[in-house]
There are 2 protein chains.
Amino acid sequence: VIEVDGIHRTYGEGETAVHALRGVSFTVDVGDYVAIRGASGSGKSTLMNILGCLDAPTSGRYVLEGHDVSRLDDGQQAILRNRRIGFVFQSFNLLRRTSALANVELPMVYARIPRKDRHRRALAALELVGLSDRTHHLPNELSGGQQQRVAVARALVTSPSLVLADEPTGNLDSMSTEEVLVALDHLNVVGRTIVVITHEDQVVAHTKRTIELLDGMIVSDRRTVAV
Amino acid sequence: VIEVDGIHRTYGEGETAVHALRGVSFTVDVGDYVAIRGASGSGKSTLMNILGCLDAPTSGRYVLEGHDVSRLDDGQQAILRNRRIGFVFQSFNLLRRTSALANVELPMVYARIPRKDRHRRALAALELVGLSDRTHHLPNELSGGQQQRVAVARALVTSPSLVLADEPTGNLDSMSTEEVLVALDHLNVVGRTIVVITHEDQVVAHTKRTIELLDGMIVSDRRTVAV
Ligand SMILES: Nc1ncnc2c1ncn2[C@@H]1O[C@H](COP(=O)(O)OP(=O)(O)OP(=O)(O)O)[C@@H](O)[C@H]1O
Ligand SMILES: Nc1ncnc2c1ncn2[C@@H]1O[C@H](COP(=O)(O)OP(=O)(O)OP(=O)(O)O)[C@@H](O)[C@H]1O
Ligand SMILES: [Mg+2]
Ligand SMILES: [Mg+2]
């Protein structure tokens, strides 16, 4: 489902240029469950943004579900992104003037799902992450970990074929972390592909493969469970 | 240095009221190193905001370094906060149009430290957290963990008598986490008081006492190392 070939991503130019990715190549088959680890600043989020069609590589090729992403225009990329990918951002990116429930409904609005179904499915997603009693709160009326869980619920609510999660449990205690992992595991069991950036062993334990980045390059790629 | 007595904090009123803190009492002596743990939503950040004079309790008493905080006006609280406390926020709260270096210099501007000294000390603080090569980057040109480390550097740069850190390592791999902990340990060794909210065992291992919150109340308070 994912094919990355010789991906480079450089910010800036000349002396102050930052080479965030320096030739990254790997493939991910349908139903895989991949953890991406690496030091702070090693290029994990940069790679994730490219996988999620939110950023373009400086060079190299990215093929998503058979589409060469560089050959799609912005509109086509947006459609691919909204229909096939669920994204948990490292900084949540919730709409601030919107309730938890409305935030979780948003991907379904793009997918043209009827209002009644959106409401029901958003409630179910929030219940999965233990937030049934916070549906009408605004993000600034929620704890840091509750905001993170709303971001997780939003990424999962359309049951997307590809889930990209950037440190989805960084603000969570082990019980809330386990709730999130159970939800991700369930999606993987029914055939969805999961890629999760994490630095927590508890999360890695649920995955089938670990890719390790260092200074913008892959230094190890180990499978722990068959797909 | 900290005396908390019967602290309550309620958001909203009537049926939808959220009782974030329901009668919290404890003291912290100079030089203690306290971890605060608890489930997501249990009231940890709410407690931290009260300790940092950023929020007032609905009822109860808070005495900081001998001052009854409720008897100080806003100006006096701001002075106490800026001169005595270093705060690491769960969501970093960096100024977005300002470089990492300028963000770290900010507490020293309030403390009226001369420009040359500010520059030198900000560089030293950023070096402590491994960001010497990112000083001129803006927050949106930094990775999530790098932003978190700038927030840590900013909290430590005035060598404050009280450090309040809300999940300071949530976005960091174990090596960057260790760098932050070494910096906190060093401050504690020279007599500063540290209170850190965390859900990570690696962090708790460096502390001398663990307070556990559940549903806005303290359920355990255990010392592991003498002060
Ligand atoms: N402005 C607000 N209005 C209503 N409820 C609020 C508001 N701010 C926080 N809360 C609620 O207060 C409770 C405690 O929040 P707090 O941020 O202290 O939790 P926390 O222990 O820091 O959680 P986390 O580990 O997720 O960061 C949460 O259940 C939250 O939903
Ligand atoms: N707009 C930008 N301009 C310059 N450098 C940037 C920019 N954005 C990111 N970087 C740099 O690119 C590198 C990789 O960033 P990235 O966010 O991918 O790291 P990461 O592995 O996700 O780190 P973390 O674990 O801290 O979240 C970092 O060193 C960062 O400073
Ligand atoms: Mg990142
Ligand atoms: Mg919190």
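Just so it is clear, the model here is predicted, and its values are computed rather than measured. Residue numbering restarts at 1 for every chain, and letters A, B, ... go by the order of the sequence lines. Every heavy atom of this structure was used, including side-chain atoms; hydrogens, water molecules and symmetry mates were not.
Neither the backbone nor the side chain of A:S42 comes within contact range of chain B; no heavy atom of the residue lies under 4.5 Å from a heavy atom of that chain. Within the 4.5 angstrom heavy-atom criterion, no atom of A:H136 approaches chain B. At a 4.5 Å heavy-atom cutoff, the contact between B:S176 and chain A is made by side-chain atoms alone. In this structure, chain A has a heavy atom under 4.5 Å from the side chain of B:R149, while its backbone stays farther away. Using a 4.5 Å cut-off between heavy atoms, B:S143 touches chain A through its side chain atoms alone. Only the side chain of A:E200 has a heavy atom closer than 4.5 Å to any heavy atom of chain B. Both the backbone and the side chain of B:Q146 come within less than 4.5 Å of a heavy atom in chain A.
Ranking A:T46, A:T16, A:D173 against chain B, the residue ahead of the rest is A:D173, based on heavy-atom pairs under 4.5 Å. Considering only heavy-atom pairs separated by less than 4.5 Å from chain B, the leading option among A:S45, A:A20, A:G38, A:A39 is A:A39.
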Show the atom names and distances, to 0.1 Å, of all donor-acceptor pairs under 3.5 Å that link a side chain in residues 202-217 of chain B to residues at least two apart or in another chain.
{"from": "B:Q202", "atom 1": "NE2", "to": "B:S174", "atom 2": "O", "distance (Å)": "3.2"}
{"from": "B:Q202", "atom 1": "NE2", "to": "B:E178", "atom 2": "OE1", "distance (Å)": "2.9"}
{"from": "B:H206", "atom 1": "ND1", "to": "B:D185", "atom 2": "OD1", "distance (Å)": "3.3"}
{"from": "B:H206", "atom 1": "ND1", "to": "B:D185", "atom 2": "OD2", "distance (Å)": "2.6"}
{"from": "B:H206", "atom 1": "NE2", "to": "B:E178", "atom 2": "OE2", "distance (Å)": "3.2"}
{"from": "B:T207", "atom 1": "OG1", "to": "B:V204", "atom 2": "O", "distance (Å)": "2.7"}
{"from": "B:K208", "atom 1": "NZ", "to": "B:G31", "atom 2": "O", "distance (Å)": "3.4"}
{"from": "B:K208", "atom 1": "NZ", "to": "B:N188", "atom 2": "OD1", "distance (Å)": "2.9"}
{"from": "B:R209", "atom 1": "NE", "to": "B:D221", "atom 2": "OD1", "distance (Å)": "2.8"}
{"from": "B:R209", "atom 1": "NH1", "to": "B:T27", "atom 2": "O", "distance (Å)": "2.9"}
{"from": "B:R209", "atom 1": "NH1", "to": "B:D32", "atom 2": "OD2", "distance (Å)": "3.3"}
{"from": "B:R209", "atom 1": "NH2", "to": "B:T27", "atom 2": "O", "distance (Å)": "3.2"}
{"from": "B:R209", "atom 1": "NH2", "to": "B:D221", "atom 2": "OD2", "distance (Å)": "2.9"}

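Here the CG-OG distance, from B:L142 to A:S40, works out to 9.0 Å after rounding to the nearest 0.5 Å.
In this structure, B:Y110 places its OH atom where only 12 or fewer heavy-atom neighbours from other residues, nucleotides or ligands lie under 6.0 Å away. At most 12 non-hydrogen atoms from other residues, nucleotides or ligands lie less than 6.0 angstrom from CG of A:D74.
Using a 4.5 Å heavy-atom cutoff, the side chains of B:V18 and A:H137 are in contact.
The nearest pair of heavy atoms linking B:Q90 to A:N171 is NE2-OD1, 3.1 Å.
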